[in-house]
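What you are looking at is a predicted structure, and each value in this text was computed from that prediction instead of being measured.
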Amino acid sequence: AHNNLGNTLRELKQLESAITSYQNAIAIKPNYVEAHYSLGNTFQELNQLDDAVKSYQKVLQLKPEFAAMHNNLAVILQELGKFNTAVEHLETALSIKLDFAEAHNNLGNALKNLGQLDDAIKCYEKAIAIKPDYAEAHHNLGVTLQELDQLDAAVKSYKQALAINTDYAEVHNNLGIALKDLGQLD
């Protein structure tokens with residue numbers, strides 16, 4: 001009941017009250033995976049990242065084969081600048097679920113942040129092969145190609161991202177920069 005109340009409160013954006021409900025659910029049933037997961041998500045929404053990490057780690061302690069949880073934890077770890085640990089969690093997620101496009105994309109982001117641009121490109125390409133309509137992966141591929149001064153390929157990736165999501169402002173911006181660098185602005 002407390003977990004369901006927490007979910008309702010979270011939907012109503014009463015996040016502090018939702019946290020209390022999830023904590024009450026956990027007090028009654030300490031190994032309640034869903035409550036720990038929801039608590040972590042709520043902490044993440046509040047940008048309380050250290051608390052979110054603790055909740056997600058508890059989920060993984062209870063359910064180590066939860067690929068999506070490894071991915072979610074890795075996203076937060078990247079926000080905290082812990083790229084090597086994020087890579088470990090993403091590799092674990094992909095060992096559990098090889099066709100996990102989001103984890104391939106996020107692994108690309110972590111590797112890019114570690115300066116491993118060629119490996120990042122391979123990850124983005126895998127994400128796109130699994131999920132061709134993944135605008136974010138097309139965009140991330142474009143950004144990485146642009147960093148490597150492969151502007152024609154970057155433009156192609158940006159245009160693919162925009163074909164999927166015409167309202168993707170960051171892609172419009174990056175496409176404009178790449179076209180300017182190519183001398184192709186009208």
Side-chain angles (χ1 to χ4, degrees), residues 37 40-53 56-57 60 65-186:
Y37 181 68
N41 288 340
T42 307
F43 280 134
Q44 188 173 3
E45 281 183 61
L46 287 168
N47 205 34
Q48 296 176 16
L49 301 183
D50 290 329
D51 290 325
V53 166
Y56 289 163
Q57 287 172 330
L60 290 174
E65 74 287 354
F66 193 176
M69 187 76 282
H70 283 283
N71 181 65
N72 291 3
L73 178 56
V75 169
I76 293 175
L77 290 168
Q78 287 188 71
E79 287 183 49
L80 294 171
K82 298 178 180 179
F83 302 113
N84 288 312
T85 308
V87 167
E88 291 171 18
H89 280 284
L90 291 161
E91 288 175 343
T92 300
L94 291 167
S95 73
I96 297 165
K97 185 179 179 196
L98 191 56
D99 66 342
F100 194 170
E102 291 78 6
H104 283 289
N105 181 65
N106 290 330
L107 180 56
N109 292 339
L111 292 170
K112 181 175 175 282
N113 282 310
L114 290 168
Q116 300 173 27
L117 301 184
D118 291 332
D119 290 332
I121 286 171
K122 291 174 189 165
C123 291
Y124 298 136
E125 288 172 341
K126 280 185 186 172
I128 292 165
I130 294 164
K131 191 175 173 183
D133 64 343
Y134 195 179
E136 185 179 346
H138 284 285
H139 175 242
N140 291 335
L141 176 59
V143 168
T144 307
L145 290 166
Q146 191 167 357
E147 283 188 30
L148 291 169
D149 209 31
Q150 297 177 25
L151 297 177
D152 289 322
V155 166
K156 182 180 176 194
S157 290
Y158 293 145
K159 287 182 176 179
Q160 287 173 318
L162 290 173
I164 298 162
N165 179 359
T166 58
D167 297 329
Y168 204 150
E170 193 175 355
V171 178
H172 282 286
N173 181 58
N174 289 336
L175 175 60
I177 293 167
L179 290 172
K180 176 182 166 277
D181 290 348
L182 282 168
Q184 295 181 8
L185 285 183
D186 299 302

Name all residues meeting the side-chain contact (heavy atoms from CB on, under 4.5 Å) criterion together with [X]; count only those two or more places apart in sequence or in a different chain, and write none if there are none.
{"X": "Glu79", "result": "Gln44, Asn47, Leu49, Val75"}
{"X": "Ile130", "result": "Asp99, Ala101, His104"}
{"X": "Glu147", "result": "Lys112, Leu117, Val143"}
{"X": "Lys122", "result": "Asp119"}

How close do [X] and [Y] get, heavy atom to heavy atom, and via which atoms?
{"X": "Ala52", "Y": "Gly40", "answer": "CB-O, 3.5 Å"}
{"X": "Ala161", "Y": "Ala135", "answer": "CB-O, 3.6 Å"}
{"X": "Leu90", "Y": "Ala110", "answer": "CD1-CB, 4.3 Å"}
{"X": "Leu162", "Y": "His172", "answer": "CD2-NE2, 3.4 Å"}
{"X": "Gly142", "Y": "Ala154", "answer": "O-CB, 3.3 Å"}

message = Any heavy-atom pair between the side chains of Tyr37 and Asn41 that's under 4.5 Å?
response =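 In contact.
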query = Does the side chain of Leu151 come within less than 4.5 Å of Lys180's, by heavy atoms?
reply =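 No, too far: nothing below the 4.5 Å cut-off.
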task = Sequence neighbours left out, what passes side-chain hydrogen bond (donor to acceptor under 3.5 Å, both in side chains) with Asn106? Give chain and number order.
result =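 side-chain hydrogen bond (donor to acceptor under 3.5 Å, both in side chains) check on Asn106 returns Asn71.
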query = Who passes side-chain hydrogen bond (donor to acceptor under 3.5 Å, both in side chains) against Gln116, sequence neighbours left out?
reply =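 None.
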Rounded distance [0.5 Å steps], [atom1] in [X] versus [atom2] in [Y]:
{"X": "Glu136", "Y": "Asn165", "atom1": "CD", "atom2": "CG", "answer": "10.5 Å"}
{"X": "Asp133", "Y": "Ile128", "atom1": "CG", "atom2": "CD1", "answer": "10.5 Å"}
{"X": "Leu141", "Y": "Leu145", "atom1": "CG", "atom2": "CG", "answer": "4.5 Å"}
{"X": "Asp149", "Y": "Asp181", "atom1": "CG", "atom2": "CG", "answer": "7.5 Å"}
{"X": "Leu77", "Y": "Gln57", "atom1": "CG", "atom2": "CD", "answer": "7.5 Å"}

message = If the condition is salt bridge (Lys or Arg N to Asp or Glu O under 4.0 Å), which residues does Glu102 pass it with, not counting sequence neighbours?
response =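 For Glu102 the salt bridge (Lys or Arg N to Asp or Glu O under 4.0 Å) partners, ignoring immediate neighbours, are Lys131.
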task = Would you mind listing every ring pair (Phe, Tyr, Trp, His ring centres under 6.0 Å) that reaches into residues 110-140, with sequence neighbours excluded?
result =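 Applying ring pair (Phe, Tyr, Trp, His ring centres under 6.0 Å) to every pair that reaches into residues 110-140, excluding sequence neighbours, yields His139-Tyr158, His139-Tyr168.
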With [X], which residues qualify under ring pair (Phe, Tyr, Trp, His ring centres under 6.0 Å), at least two apart?
{"X": "Phe43", "result": "none"}
{"X": "His89", "result": "His70"}
{"X": "Phe83", "result": "none"}

inquiry  = Suppose the criterion is salt bridge (charged side-chain N to carboxylate O under 4.0 Å, His left out): which pairs have a residue in residues 155-169, not counting sequence neighbours?
reply    =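 Output for this query is empty, none listed.
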inquiry  = One pair to check against side chain to side chain contact (heavy atoms under 4.5 Å, CB included): Ile76 and Asp50. What are the steps and the verdict?
reply    = CA-CA 9 Å; Ile76 293 175; Asp50 290 329; over 6 Å; no
query = Under the 3.5 angstrom rule, does the side chain of Thr144 hit a backbone N or O of Asn140 as a donor-acceptor pair?
reply =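 Indeed, once roles are kept as given, a pair shorter than 3.5 Å links the two residues.
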request  = Could you check Cys123 against Leu111 for side chain to side chain contact (heavy atoms under 4.5 Å, CB included), going step by step and ending with a plain yes or no?
outcome  = CA-CA 9 Å; Cys123 291; Leu111 292 170; 3.7 Å; yes
inquiry  = Lys126 vs Leu107, test: side chain to side chain contact (heavy atoms under 4.5 Å, CB included). Steps then yes/no.
reply    = CA-CA 11 Å; Lys126 280 185 186 172; Leu107 180 56; over 6 Å; no
